[in-house]
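I have placed the structure first, in the form of structure tokens, so that the comments after it can refer back to it.
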2 protein chains.
Amino acid sequence: MNTPAIIDIARICKEHGLRLTAPRKVIMQVLLKSTDHPDAVELHRRVRKIDPGIAIATVYRTVNMLRDKGVLERHTFADGRARYETADHEHHDHLVRVDTGDVIEFRSDEIERLQEEIARAHGFEIVSHRLEIYVKPLKKAAKRSRR
Amino acid sequence: MNTPAIIDIARICKEHGLRLTAPRKVIMQVLLKSTDHPDAVELHRRVRKIDPGIAIATVYRTVNMLRDKGVLERHTFADGRARYETADHEHHDHLVRVDTGDVIEFRSDEIERLQEEIARAHGFEIVSHRLEIYVKPLKKAAKRSRR
DNA sequence: CTAGTTGCAAAAAATTTGCAGTTGC
DNA sequence: GCAACTGCAAATTTTTTGCAACTAG
């Protein structure tokens with residue numbers, strides 16, 4: 001299982017009427033194997049390790065197209081840059097360590113349910129949501145990082 | 001009570017060792033009276049209605065400084081641009097209408113408590129968090145708006 | 001007086017776009 | 001073959017910064 005997701009990439013493209021081009025294959029592969037949440041520049045950095053000829057414009061175009069199709073999710077954490085993640089996982093929220101920047105995924109059905117209640121109480125239904133909890137380790141105090 | 005917050009602005013500056021300059025007064029006043037969450041460009045637009053001489057650089061500098069001091073919170077909703085809100089209110093979360101972009105504030109102690117639990121279960125304590133629920137009206141279906 | 005602040009313009013960073021050439025289907 | 005796609009460079013948009021002039025304390 002070296003390229004476990006290659007089939008899925010082909011399928012995703014076919015489903016959405018997209019051409020299966022070399023740059024797209026590389027970009028989507030990198031995204032699928034990323035467990036963190038890279039921004040466009042970091043994504044481009046990783047992509048060009050595989051194929052140095054791929055332009056950052058293509059990364060942006062691919063990523064925007066996949067977001068429009070609902071294949072990708074764009075997050076914007078506190079640092080302000082857009083960061084991406086494949087949307088094929090089950091939904092989850094994020095714990096973000098303020099000391100290291102590490103992102104830990106979690107899911108709470110209780111919180112999900114409460115959100116439904118709140119939305120309904122206001123006369124709405126939920127389209128999507130995001131919850132980020134910024135944390136530091138319990139025992140040791142963490143340094144604050146600026147910007 | 002025409003300028004209800006002017007006293008607070010002076011106090012905030014004094015507390016943080018900042019000079020009470022004219023541009024700062026205007027920028028902070030606009031922020032305090034904003035119930036929505038303007039981005040830097042919109043903030044500048046409002047500020048220059050009061051004093052057209054204020055540069056957008058000053059808006060950015062002021063807003064960044066206030067964020068560092070903890071007076072302001074910077075949010076980044078799904079559209080990607082940084083948007084600001086005074087942090088002196090009690091903490092709350094956001095319902096965002098996807099059809100109009102309107103932001104509705106709410107607060108759920110139950111969700112707050114669950115978050116505490118989750119963080120602790122992972123061995124962390126909460127520094128801050130944000131929860132945004134993107135919603136549309138219950139009865140009528142809403143149009144999707146792109147980027 | 002003088003260190004903090006500002007406006008301006010230029011720089012940097014992030015993202016999008018026009019266009020001519022390339023490629024998947 | 002031809003519309004979709006790409007790379008490149010230029011354009012836009014968003015945010016930051018250098019610097020000389022200004023001003024609150």
Side-chain angles (χ1 to χ4, degrees), chain A residues 6 9-30 37-48 50-69 71-72 74-84 146-147, chain B residues 6 9-30 37-48 50-69 71-72 74-84 146-147:
Chain A
I6 198 77
I9 291 172
R11 189 173 47 74
I12 289 167
C13 285
K14 184 145 296 181
E15 275 174 11
H16 293 94
L18 303 174
R19 283 194 187 167
L20 183 58
T21 65
R24 244 169 227 172
K25 261 189 268 190
V26 174
I27 294 167
M28 293 178 74
Q29 245 173 266
V30 169
H37 304 69
D39 64 36
V41 175
E42 172 60 23
L43 189 53
H44 183 223
R45 195 173 298 127
R46 294 179 195 179
V47 158
R48 63 177 5 191
I50 299 174
D51 179 350
I54 297 176
I56 195 166
T58 303
V59 172
Y60 275 107
R61 273 189 286 233
T62 302
V63 132
N64 285 342
M65 155 156 287
L66 293 178
R67 169 162 51 76
D68 288 347
K69 301 285 186 184
V71 178
L72 269 190
R74 176 164 84 168
H75 300 282
T76 332
F77 294 115
D79 68 354
R81 264 163 309 158
R83 300 167 71 177
Y84 301 90
R146 83 222 65 69
R147 202 238 126 89
Chain B
I6 196 78
I9 292 172
R11 188 172 49 73
I12 289 168
C13 285
K14 185 146 294 180
E15 274 173 10
H16 293 94
L18 304 173
R19 283 193 188 168
L20 184 57
T21 65
R24 243 169 227 171
K25 261 189 269 190
V26 174
I27 294 167
M28 293 177 75
Q29 245 173 266
V30 170
H37 304 69
D39 64 37
V41 174
E42 172 59 23
L43 190 51
H44 183 223
R45 195 173 297 128
R46 296 178 195 180
V47 157
R48 63 177 3 193
I50 300 175
D51 179 350
I54 296 175
I56 195 166
T58 303
V59 172
Y60 274 107
R61 274 189 287 231
T62 302
V63 132
N64 284 342
M65 156 157 286
L66 293 177
R67 170 165 49 77
D68 288 347
K69 302 286 186 182
V71 179
L72 270 191
R74 177 165 82 169
H75 300 283
T76 333
F77 295 115
D79 68 355
R81 265 164 308 156
R83 300 167 70 178
Y84 302 89
R146 83 221 64 69
R147 198 214 129 101

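In what follows, chains carry the letters A, B, and so on, assigned in the order in which the sequence lines appear, proteins first and then strands, with residues in each chain numbered from 1.
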Q: Grab the two heavy atoms, one from B/Arg19 and one from B/Cys13, that are nearest each other, plus how far apart they are.
A: O-SG, 4.0 Å
Q. Taking atom C1' of D/dT6 as reference, at what distance in whole Å does atom CZ of A/Arg48 sit?
A. 14 Å
Q: Could you state the atom-to-atom distance from CE of B/Met65 to C1' of C/dG4 in whole Å?
A: 9 Å
Q | For atom NZ of B/Lys69 and atom C1' of C/dT5, their distance in whole Å | A | 14 Å
Q: Compare all side-chain heavy atoms of A/Ile12 with those of A/Lys69 and state whether any distance is below 4.5 angstrom.
A: no
Q: Using whole Å, report how far CD1 of A/Ile27 lies from P of D/dC5.
A: 12 Å
Q | Interatomic distance, B/Ile56 CD1 vs C/dA9 P [rounded to whole Å] | A | 14 Å
Q: With the side chain counted from C-beta on, respond yes when A/Met28 and A/Leu66 share a heavy-atom pair under 4.5 Å apart, and no when they do not.
A: yes
**Q.** Whole angstrom value for the distance that separates P of C/dG4 from CG of B/Asp68
**A.** 16 Å
Q: Rounded to the nearest angstrom, tell me the gap between atom NE2 in A/His44 and atom P in C/dT16.
A: 15 Å
Q | Any B/Asn64 side-chain N or O less than 4.0 Å from OP1/OP2 of D/dT15 | A | no
Q: Flag the pair B/Arg24 / B/Met65 as yes when at least one side-chain heavy-atom distance between them is below 4.5 Å, and no otherwise.
A: yes
Q. Which heavy atom in A/Arg48 sits nearest to a heavy atom in A/Ile54, and how many Å separate them?
A. NH2-O, 4.3 Å
Q.
For a quick check under 3.5 Å, do B/Arg67 and B/Asn64 share a side-chain donor-acceptor pair by atom type?
A. yes
(Q) Output the rounded distance in Å from NZ (A/Lys25) to C1' (D/dC5). (A) 14 Å
Q) What does nucleotides 17-25 of chain C look like as a protein-contact string, B for base, S for sugar-phosphate only, - for none, at under 4.0 angstrom between heavy atoms? A) BB----BBS
